[in-house]
Amino acid sequence: MSKEITARAVDYSQWYNDLIIKGELADYSAVRGCMVIKPYGFGLWENMRDVLDKMFKDTGHVNAYFPLFVPKSLFEAEEKNAEGFAKECAVVTHYRLKTDPDNKGKLIVDPEAKLEEELVVRPTSEAIIWNTYKNWIQSYRDLPILINQWANVVRWEMRTRLFLRTAEFLWQEGHTAHATEQEAVEETVKMLHVYADFVENYMALPVIKGVKSANERFAGAVDTYCIEAMMQDGKALQAGTSHFLGQNFAKAFDVRFSDKDNNYDYVWATSWGVSTRLIGALVMAHSDDEGLILPPRIAPLQVVIVPIYKGEEQKAMIDEKVDTVVKELKAKGIRVKYDDADNARPGWKFAEWEKKGVPVRLTFGARDIVNGIVEIARRDTSEKQNHNLEGLAGTIEALLEDIQHNMFHKAKTFRDDNIRKVDTWDEFVKTLDEQPGFIAAHWDGTPETEEKIKELTKATIRCIPLDNPQEAGKCILTGNPSKERVLFARAY
RNA sequence: AGGGAAGUAGCGCAGGCCGGUAGCGCAUCUGGUUUGGGACCAGGGGGUCGCAGGUUCGAAUCCUGUCUUCCCUACCA
């Protein structure tokens with residue numbers, strides 16, 4: 001049992017906070033609602049970002065950067081979108097401070113430096129981007145525009161949670177413009193699959209691809225596609241969204257083009273994004289009471305090596321062996337650290353690196369080296385085994401892959417075991433309270449019913465899965481006819 | 001935003017009711033012994049007690065305000 005981490009069974013929320021703080025992913029800051037992402041956590045984000053960035057490039061996208069500030073008049077142009085975000089926007093009203101005449105050494109906002117037009121700190125960039133696209137698009141030859149940006153955004157939240165909900169967070173937002181509706185829809189779905197591919201194959205987190213109900217849809221979108229993941233407490237976490245925006249933004253910003261036949265029409269749009277929130281999902285889905293468990297493909301460190309020795313002579317002998325092994329591992333592209341700090345003993349190091357979720361630990365004992373072996377410990381199962389120094393790098397390489405797959409399958413088994421079909425209201429309520437997870441149930445398709453269910457149980461429709469089997473049934477609440485089951489859950 | 005709790009050394013906490021100038025454990029530094037699952041001994045350093053006012057001869061302690069964090073509720077395209 002870890003000395004520093006609250007057990008899941010004792011306090012799930014505190015467990016999550018402990019993992020992040022003690023695992024050194026992030027720290028609290030002096031700014032309300034904002035956190036500091038520490039080097040170890042940022043290393044994780046960088047790895048995620050690099051993989052995603054390559055996936056975006058491979059699907060024909062390019063990166064660009066748009067302003068942090070959006071003039072209020074632009075922001076309000078697409079009404080539904082503006083309305084959706086209005087109550088969580090930070091607004092810049094002044095551009096200058098001055099020394100307080102009544103209190104030397106203090107600064108006050110200079111009342112004479114009021115902006116003529118307030119600037120909204122972007123909660124998302126559709127407005128400024130579509131205002132720009134208007135100037136870039138005249139002809140079908142200018143389309144498609146396939147741009148992504150890596151940026152920070154601000155959404156003023158009342159309640160914050162590290163990584164899951166903070167006032168400022170990092171993300172990427174793709175914004176594309178197309179000549180036809182079909183092409184835009186295809187783009188929306190394509191990026192949803194890119195996200196699912198990334199989250200499943202790199203983060204080892206199984207997701208369900210689906211479409212949001214009207215209540216959960218992005219403001220300003222025609223359709224919102226999403227990937228939903230299940231956390232260890234059975235709650236759902238939206239891991240990524242991809243929106244088909246129709247012509248809503250094109251109309252709001254008057255973005256039109258001439259097609260081959262000289263027809264003049266509005267362009268079709270998409271936007272899609274994932275954020276540092278994914279780190280929260282990763283932490284909550286895989287970790288245990290000893291600390292983080294990071295999937296090898298994106299772990300900042302994949303292998304840590306701990307020496308055990310008596311005296312300088314043994315240390316020198318170990319150093320020599322480790323040096324060779326580190327070179328072999330690095331030659332295979334494996335991220336490895338030799339922890340030979342002499343101010344901590346082995347047991348302390350073991351606990352420390354387990355807390356930080358490093359997938360594989362190698363223990364180099366003086367005794368072992370004489371026998372030509374090394375101890376390999378894997379974080380995901382806590383198993384330890386001895387291995388010959390010969391062929392070690394190849395074994396580690398395979399082991400990292402095995403851990404990656406094992407983590408995915410473990411998470412997938414858990415998720416699949418916690419999706420339950422429910423057909424009556426009583427059973428629905430009981431299941432939500434007693435067996436947290438996703439519930440597949442019939443729904444009559446109306447926003448009113450969804451709202452009522454949310455009111456009564458706090459559960460929302462997470463998504464209507466893609467390729468959902470069609471099956472006649474009766475709505476769980478109203479008894480009205482339904483043609484398919486949808487997924488309900490309480491969500492983060 | 002409402003309710004509750006908290007903020008004292010890097011971390012975790014005591015002291016506070018009853019005002020008198022701050023202490024414990026861990027960490028850190030020095031020396032030594034150690035090293036196969038969070039070592040031990042000895043010595044040392046480090047804090048305007050979240051911040052700002054007020055009461056007082058004197059405030060970590062009492063009063064007012066404010067900021068930050070955590071928990072519950074509400075909100076959350």
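Quantities reported herein were computed from a predicted structural model and do not represent experimental measurements. Each chain gets a letter, A, B and so on, in the order its sequence line appears, and its residues count up from 1.
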* Just to confirm, is there a sub-4.0 Å distance from OP1 or OP2 of B:C71 to any side-chain nitrogen or oxygen of A:Asn17? -> yes
In a table with atom names and distances, give each donor-acceptor pair under 3.5 Å that connects a side chain of residues 221-231 of chain A to protein atoms at least two apart or in another chain.
{"residue": "A:Thr224", "atom": "OG1", "partner": "A:Phe218", "partner atom": "N", "Å": "2.9"}
{"residue": "A:Thr224", "atom": "OG1", "partner": "A:His243", "partner atom": "ND1", "Å": "2.9"}
{"residue": "A:Glu228", "atom": "OE1", "partner": "A:Arg462", "partner atom": "NE", "Å": "3.2"}
{"residue": "A:Glu228", "atom": "OE2", "partner": "A:Lys212", "partner atom": "NZ", "Å": "2.6"}

* Does B:C24 have a Watson-Crick or wobble mate here (both distances under 3.5 Å), and if so which one? -> B:G12
* RNA chain B: A:Ser13 or A:Trp348, which has the more 5' nearest nucleotide? -> A:Trp348
* Asked: In whole Å, what separates the C1' atom of B:U34 from that of B:C41?
  -> 11 Å
* **Distance in angstrom units between A:Asp18 CG and B:C11 C1', rounded** => 12 Å
* What does B:A39 pair with, Watson-Crick or G-U, if both distances are under 3.5 Å? -> B:U33
* Asked: Is it true that A:Asp288 and A:Arg379 make a salt bridge, defined as a side-chain N closer than 4.0 Å to a carboxylate O?
  -> yes
* Asked: NZ of A:Lys22 versus C1' of B:G38: gap in Å, rounded?
  -> 14 Å
* Distance between C1' atoms of B:U8 and B:U68 (Å, rounded) -> 16 Å
* Run the salt-bridge test on A:Lys454 and A:Glu451 with the 4.0 Å N-O cut-off and return the result as yes or no. => no
* Could you check whether A:Glu126 gets within reach of a base, just the sugar-phosphate, or nothing at all, counting any heavy atom under 4.0 Å? => nothing
* What nucleic acid atoms does A:Asn81 come within less than 4.0 Å of, heavy atoms only: base, sugar-phosphate, or nothing? -> nothing
* Considering only NZ, NE, NH1 and NH2 on the basic side and carboxylate oxygens on the acidic side, decide whether A:Asp380 and A:Arg378 come within less than 4.0 Å. => yes
* Between the base of B:G37 and the side chain of A:Glu354, is there a donor-acceptor distance below 3.5 Å? -> yes
* Asked: Rounded to whole angstroms, how far apart are CD on A:Glu313 and C1' on B:U34?
  -> 17 Å
* A:Phe350 has an atom CZ; how far is it from atom P of B:A39, in whole Å? -> 11 Å
* Asked: Separation of A:Asp342 atom CG from B:U34 atom P, in whole Å?
  -> 15 Å
* Asked: What does A:Thr224 touch in the nucleic acid at a heavy-atom separation under 4.0 angstrom: a base, only the sugar-phosphate, or nothing?
  -> nothing
* Base, sugar-phosphate alone, or nothing: which one does A:Glu83 contact when heavy atoms must sit under 4.0 Å apart? -> nothing
* Asked: Taking the side chain of A:Tyr28 as heavy atoms from C-beta outward, which of B:U35, B:G38, B:C70 is closest to it?
  -> B:C70
* Rounded C1' spacing from B:G38 to B:G46 in Å -> 24 Å
* Out of B:U28, B:A39, B:C70, which has the shortest distance to the side chain of A:Gln14? -> B:C70
* Asked: Roughly how far apart, to the nearest Å, are B:C62 and B:U56 at atom C1'?
  -> 10 Å
* Contact class for A:Gly273 vs. all strands (heavy atom < 4.0 Å): base, sugar-phosphate, or nothing? -> nothing
* To do: Name the pairing partner of B:C75, where a pair is Watson-Crick or G-U wobble with both distances under 3.5 Å, or state none.
  => none
* To do: Consider the side chain of A:Lys384, meaning its heavy atoms from C-beta on, and name the nucleotide among B:G36, B:C70, B:G37 that approaches it most closely.
  => B:G37
Write out a two-atom table: protein N or O, nucleotide N or O from nucleotides 74-76 of chain B, distance below 3.5 Å.
{"residue": "B:C76", "atom": "O2", "partner": "A:Arg165", "partner atom": "NE", "Å": "3.1"}
{"residue": "B:C76", "atom": "O2", "partner": "A:Arg165", "partner atom": "NH1", "Å": "3.2"}
{"residue": "B:C76", "atom": "O2", "partner": "A:Arg165", "partner atom": "NH2", "Å": "2.3"}

Would you tabulate the side-chain donor-acceptor contacts of residues 79-87 of chain A under 3.5 Å, counting partners in other chains and residues two or more places apart, or write 'none'?
{"residue": "A:Asn81", "atom": "ND2", "partner": "A:Ala219", "partner atom": "O", "Å": "2.8"}

* When the distance from CD1 of A:Ile20 to C1' of B:U69 is rounded to whole Å, what number comes out? -> 15 Å
* Is a donor-acceptor contact shorter than 3.5 angstrom present between the side chain of A:Arg361 and the base of B:G37? -> yes
* **Distance, rounded to the nearest Å, where A:Arg345 contributes CZ and B:G38 contributes P** => 7 Å
* Asked: Among A:Ile396, A:Val360, A:Val336, A:Leu400, which one satisfies side-chain contact (heavy atoms from CB on, under 4.5 Å) with A:Gln302?
  -> A:Leu400
* **Nearest-angstrom distance, P atom, B:U33 to B:G37** => 22 Å
* Round to the nearest Å and state the distance from A:Glu352 atom CD to B:C26 atom P. => 18 Å
* Sub-6.0 Å ring centroid separation between A:Phe488 and A:Phe428 -> yes
* To do: Identify the nucleotide, in any strand shown, that forms a Watson-Crick or G-U wobble pair with B:U68, with both distances under 3.5 Å; if there is none, say none.
  => B:A6
* Asked: Expressed in whole Å, how much space separates the P atoms belonging to B:C70 and B:C24?
  -> 31 Å
* **Interatomic distance at P, B:A42 relative to B:A60, whole Å** => 33 Å
* With rounding to whole Å, what would you report as the distance between B:A14 and B:G25 at their P atoms? -> 16 Å
* Quiz item: cation-pi between A:Arg361 and A:Phe350, 6.0 Å / 45° -> yes
* Nearest heavy-atom neighbours spanning A:Pro67 and A:Arg122 -> O-NH1, 3.1 Å
* With RNA chain B as reference, determine whether A:Asp11 or A:Pro307 sits nearer its 5' end, using the nearest nucleotide of each. => A:Pro307
* When the aromatic ring centroids of A:Trp272 and A:Phe56 are compared, is their separation below 6.0 Å? -> yes
